[in-house]
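First up is the structure itself, then whatever we jot down about it.
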Amino acid sequence: MEDHNLQAYYETLNANYQVYPKPKHKVPWVLAGRARQSMDWIAQNMDAWFSYPRPVEQVKEVVLNWRDALYDNDQPEKPYITAIHLNLTKDKDQAFSPARFGGSIGINRVADLMMDYQKAGVSHMAIHLRKSELPIEEAMELLGEHVLPHFKNQMADCLPA
């Protein structure tokens, strides 16, 4: 098994520090934002890139830049990850109404919105429900019933064997 020595990344890390449980596989490195790094550096050094919430049309351009950086640096395809703040409304059919970092939407429209993000190149999406009209428990249950089934094949690829 490959040794995942944290001191290789943190020169001043004391050898007495330990991480438990010990990873059985390489832990993916994901950068959130740019951290004052160039896209070339991110492409060369990270296993994925988590970028800030944006409207779908802007995501298309950002993903294109990410894929260009991967190609220009002889890197394999790597995931593009983002997030969205959703206000799941009581009106189940409400069309998406944008707001900062996300917007309001009815549950019957969420799967289509997520598919639009997927077509734009998003590999993984974090959904924030802090501002949801619906209670969090209900919102999560509805997402499980109405949205996740549309992505069942992709979810199977992410689960351990």
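Predicted model, so just to flag it, every value in this text is computed and none were measured.
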The reported gap from CG in Asp91 to CD1 in Ile107 (rounded to nearest 0.5 angstrom) is 12.0 Å

Is it true that, when you exclude Glu77 itself, more than 12 heavy atoms of the residues, nucleotides or ligands shown sit nearer than 6.0 Å to its CD? no

Are the aromatic ring centres of Trp49 and Tyr80 under 6.0 angstrom apart? yes

Distance-minimising heavy-atom pair for Met115 and His150: CE-ND1, 3.6 Å

Closest contact, heavy atoms only, Val147 versus Ala111: CG2-N, 4.0 Å

Report the distance from atom CG of Leu142 to atom CD of Glu137, rounding to the nearest 0.5 Å. 11.5 Å

Shortest non-hydrogen pair, Arg54 vs Ser51, comes out as NH1-OG, 2.6 Å

Where the side chain of Glu133 meets the backbone of Leu88, is there a donor-acceptor pair that is under 3.5 Å apart? no

State the CD1-CE distance between Ile81 and Met125, to the nearest 0.5 angstrom. 11.0 Å

Is Met46 close to Val30 at the side-chain level, that is, under 4.5 Å between some pair of heavy atoms? no

For Asp93, does its backbone N or O pair with a side-chain atom of Arg109 as donor and acceptor, under 3.5 Å? yes

Is the Lys NZ or Arg CZ of Lys119 less than 6.0 Å from the centre of Tyr117's six-membered ring, within 45° of the axis? no

Same cluster (ILVMFWY, side-chain, under 4.5 Å), Phe50 and Met39: no

Mind checking the NE2-NZ spacing from His146 to Lys92? Nearest 0.5 Å is all I need. 5.5 Å

Determine whether a donor-acceptor pair (N or O, by modelled atom type, separation under 3.5 Å) exists between the side chain of Asp47 and the backbone of Trp29. yes

I'd like to know if the side chain of Lys78 reaches the main chain of Leu70, judged simply by a donor and an acceptor atom lying under 3.5 Å from each other, with no hydrogens or angles considered. no

Measuring from atom CG of Asn65 to atom CD1 of Ile42, what distance do you get when rounded to the nearest 0.5 angstrom? 11.0 Å

Give the cluster check for Val63 versus Leu31: same hydrophobic cluster or not, with ILVMFWY residues linked at side-chain heavy-atom distances below 4.5 Å. yes

Short question: side chain of Thr82, backbone of Tyr52 - any donor-acceptor pair under 3.5 Å? yes

Taking the side chain as C-beta and beyond, is there a heavy-atom pair between Met114 and Ile127 under 4.5 Å? yes

Heavy-atom pair of closest approach, residues Ile84 and Gly102: CG1-CA, 3.6 Å

Would you find a donor on one side and an acceptor on the other, under 3.5 Å apart, between the side chain of Asn73 and the backbone of Gln44? no

Are any non-hydrogen side-chain atoms of Glu145 and Glu141 less than 4.5 angstrom apart? yes

What are the two closest non-hydrogen atoms of Leu129 and Met140, and how far apart are they? CD1-CG, 3.8 Å

For the student: nearest non-hydrogen atoms of Thr89 and Leu134, plus distance: O-CD1, 3.9 Å

Quick one: does Val59's side chain get under 4.5 Å of Trp66's, heavy atoms only? no

In this structure, would Phe151 and Leu113 fall into the same cluster of hydrophobic residues linked by side-chain contacts under 4.5 Å? yes

